Amino acid sequence: MENKEIKKHQVKVNLPGGIVSVGDLLQILNILEESGIENVRFGTRQQLYFSADEDKLEDIEHGFLISDTEFEIDTDKQPNIISSYVTEDIFNNSNWLREGVYRDILDSFNYTPRLKINLADNSQTLIPFFTGNLNFISSDIGNYWYLYIRFPRTNIIYCWSSLIYSEDIGTLSKLVEYAIFNNKNLFYDQESIDGQLLENEVKLKGSILYQPLSDPLKLPDFQLPYYEGFNKYNDKYWLGIYRRNELFPVSFLKDLCAICAKTRIGQLYTTPWKSIIIKGVETDDKKLWNAVLDKNRINVRHASNELNWQSEDLCEYGLNLKRELITEFNKVDLRTFKLCFAVKTNPKSGLFGSVIIRKCTNNNEEEECKFDILHTTDFNPNSKNFMLYKSNIFRASLAQELMQLCNNYYELLTLSEISSANNYYDSELVTEVEHTIVHQCNHCLTIYDEIWGDEANGILPGTNFSDLKKITAVQCAGLQNQILFQFIKNQY
């Protein structure tokens, strides 16, 4: 008699803002432990996942209902609200944005959003700015935010014409969501999308406090902070924990909760890099935390080139490919500073990265999988303007192609640094120079190179800038200034 295979289900628990109180987390962990769940994961939208056998679901659902824990099974109709709450004090110090402001905004949501919502401090670089549908980014004016709308299933971004007051974010989000979902014929079709039309409709239906938008948004240069290990800030420490296999044992997290309770730490934070962070560790308590790490054999201080990757949630294929590529990078000690990579197997997954490894969708089942390599035009992962670097690459050739792309990036970066250094280097060291005209926006720094074109947006290589009839909606209207770059071969 054959044994019937027990069906597995994926359960998701949203942690709004990437924040979870120690008490709430411990309650969830106890329910899972009683049902035999050994591991959980954290997702790219700072949520919690775990896998459960079908015969355990009833007990888990009952426990969650009693504890008032919202959850979804095998669906993601209600995306988690992500925020840069975790970065405060440890990665940046905002002029006015504090934990209390985040809390008030999160509490202002009296509904469960169906659109992806991001709340991001404009001075940090840990949390992505534009991976949501409604991207609120702090301004320099206290309690006012920029709003960038990325319409569902597109990379079309619209900047709201005025700043939004903190207390109105929940109300405005609800109005925008209602307008989009009730006018899908207007706001789902790329040809008909009109951000100004959406804004006009929303403003007619709600009393919202607006501040005129006088200055364009300025974002910092991207540099992923090292988000793991013990790190000092002020007179305390924070602890970041990353797991190579993305699995966090329930028993380990329960131990963390016990130390938090013992040392009066009230909450934990999740990050879009599938890791967790604990703030407020006293110097005298470090030995307790080290003891927990020792007991559970948890390693810290992984290499930076392993931390700057994103793969899709619950995707073993993408995770294995990431491991394979990192192994090849380590063999040659490849520099990846200021770059971050994303592995996409699903074309609709909104991952964050300056270099995208995208699995081709037109392969036959019998054929070996192939991949496209893309990168943002300026290698800024917050950009949504992608350029195709190489297409239909076999898996065995991916690492070599990525290494070459990284080398190309540093050549360009070096040239830019040489130019800005005002001829700091002896000109005799430069032996061969090739000049190429490219075009760069003085607002968002997007670069258009006529040699490469922009195939991701239908602009073929060799297309003159003057021949472009219009700039696509994901590009900045300020793309006009010509800048001379020197591409130098055999520099030294």
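All heavy atoms count here, side chains included; hydrogens, waters and symmetry mates do not. Everything numeric here is computed off the predicted structure, so don't read it as measured data. Residue numbers run from 1 in the order of the sequence given.
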Can you tell me how far apart [atom1] ([X]) and [atom2] ([Y]) are? Round to the nearest 0.5 Å.
X	Y	atom1	atom2	answer
Lys254	Leu32	NZ	CG	10.0 Å
Thr283	Phe230	OG1	CZ	10.5 Å
Gln27	Cys257	CD	SG	11.0 Å
Phe386	His375	CZ	NE2	11.0 Å
Leu97	Ser166	CG	OG	7.5 Å
Glu312	Leu351	CD	CG	5.5 Å

Residue of the set Phe248, Tyr269, Tyr242 for which side-chain contact (heavy atoms from CB on, under 4.5 Å) holds with Ile276: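 Of the listed residues Phe248, Tyr269, Tyr242, the side-chain contact (heavy atoms from CB on, under 4.5 Å) partner of Ile276 is Phe248.
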Among Asp76, Leu15, Asn118, exactly one meets side-chain contact (heavy atoms from CB on, under 4.5 Å) together with Arg45. Which residue is that?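 Among the candidates, only Asn118 passes.
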Between [Y] and [X], is there a salt bridge with N-O shorter than 4.0 Å?
X	Y	answer
Arg103	Glu88	no
Arg244	Glu306	yes
Arg114	Glu177	yes
Asp255	Lys295	yes
Asp53	Lys8	yes
Lys322	Glu246	no

Beyond-backbone contact of [X] with [Y], side-chain heavy atoms, under 4.5 angstrom:
X	Y	result
Lys338	Ser354	no
Ile31	Ser67	yes
Leu402	Leu334	no
Leu413	Phe337	no
Ile169	Leu134	no
Val40	Ile28	no
Phe91	Trp238	yes
Leu224	Trp273	yes

I'd like to know if the side chain of [X] and the backbone of [Y] have a donor-acceptor N/O pair within less than 3.5 Å.
X	Y	value
Ser349	Thr345	no
Asn231	Gly229	yes
Asp372	Asn392	yes
Gln46	Thr270	yes
Thr75	Glu72	no
Ser138	Asn122	yes
Thr131	Phe352	no
Asn308	Leu339	yes
Gln124	Leu126	yes
Gln310	Thr44	no

Suppose we call two aromatic rings close when their centres sit under 6.0 Å apart. Are Trp96 and Trp145 close by that rule?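 For Trp96 and Trp145, the ring centres are under 6.0 Å apart.
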Taking the six-membered ring for Trp and the single ring otherwise, decide whether the centroids of Phe329 and Phe341 are under 6.0 Å apart.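 Yes: the rings meet the under 6.0 Å criterion.
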Would you kindly say whether [X] and [Y] are connected by a side-chain donor-acceptor distance under 3.5 Å?
X	Y	answer
Ser123	Asp121	yes
Asp59	Ser35	no
Ser21	Asp24	yes
Asn320	Glu324	no

Considering all heavy atoms, the nearest [X]-[Y] contact:
X	Y	result
Phe222	Asn380	CB-OD1, 4.0 Å
Thr112	Glu70	OG1-OE1, 4.0 Å
Tyr85	Gly17	CB-O, 4.0 Å
Asn93	Asp89	OD1-OD1, 3.5 Å
Pro79	Pro113	CD-O, 3.6 Å
Pro128	Ala120	O-CB, 4.4 Å

Test Gln404 against Asn408 for side-chain hydrogen bond (donor to acceptor under 3.5 Å, both in side chains), laying out the working first. CA-CA 6 Å; Gln404 184 58 54; Asn408 292 346; 3.0 Å; yes
A cation-pi test, strictly: NZ or CZ of Lys384 under 6.0 Å from the centre of the six-membered ring of Tyr148 and no more than 45 degrees from its axis. Yes or no?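 Pair Lys384/Tyr148 does not count as cation-pi.
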Evaluate the criterion side chain to side chain contact (heavy atoms under 4.5 Å, CB included) for residue pair Tyr102 and Ser84; output intermediate values, then yes/no. CA-CA 9 Å; Tyr102 287 108; Ser84 54; 2.5 Å; yes
Residues which pass side chain to side chain donor-acceptor pair (under 3.5 Å) with Tyr409, listed by chain and number, not counting sequence neighbours: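 For Tyr409, no residue satisfies side chain to side chain donor-acceptor pair (under 3.5 Å) once neighbours in sequence are set aside.
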Please lay out, stage by stage, how Arg150 and Asn135 fare under the test side chain to side chain contact (heavy atoms under 4.5 Å, CB included). CA-CA 8 Å; Arg150 182 175 61 83; Asn135 302 284; 4.2 Å; yes
So Tyr227 and Val86, side chain to side chain contact (heavy atoms under 4.5 Å, CB included) or not? Walk me through it. CA-CA 11 Å; Tyr227 55 84; Val86 61; over 6 Å; no
Surrounding [atom1] of [X] (heavy atoms of other residues, nucleotides or ligands, distance under 6.0 Å), is the total greater than 12?
X	atom1	value
Asp68	CG	no
Lys390	NZ	yes
Asn95	CG	no

Apply salt bridge (charged side-chain N to carboxylate O under 4.0 Å, His left out) to residues Glu38 and Lys56 and explain how you reach the verdict. CA-CA 13 Å; Glu38 296 182 351; Lys56 300 293 184 181; over 6 Å; no
After noting the C-alpha distance and the side-chain angles of Lys344 and Lys359, does the key distance pass the side chain to side chain contact (heavy atoms under 4.5 Å, CB included) rule? CA-CA 6 Å; Lys344 287 189 69 166; Lys359 185 180 178 183; over 6 Å; no
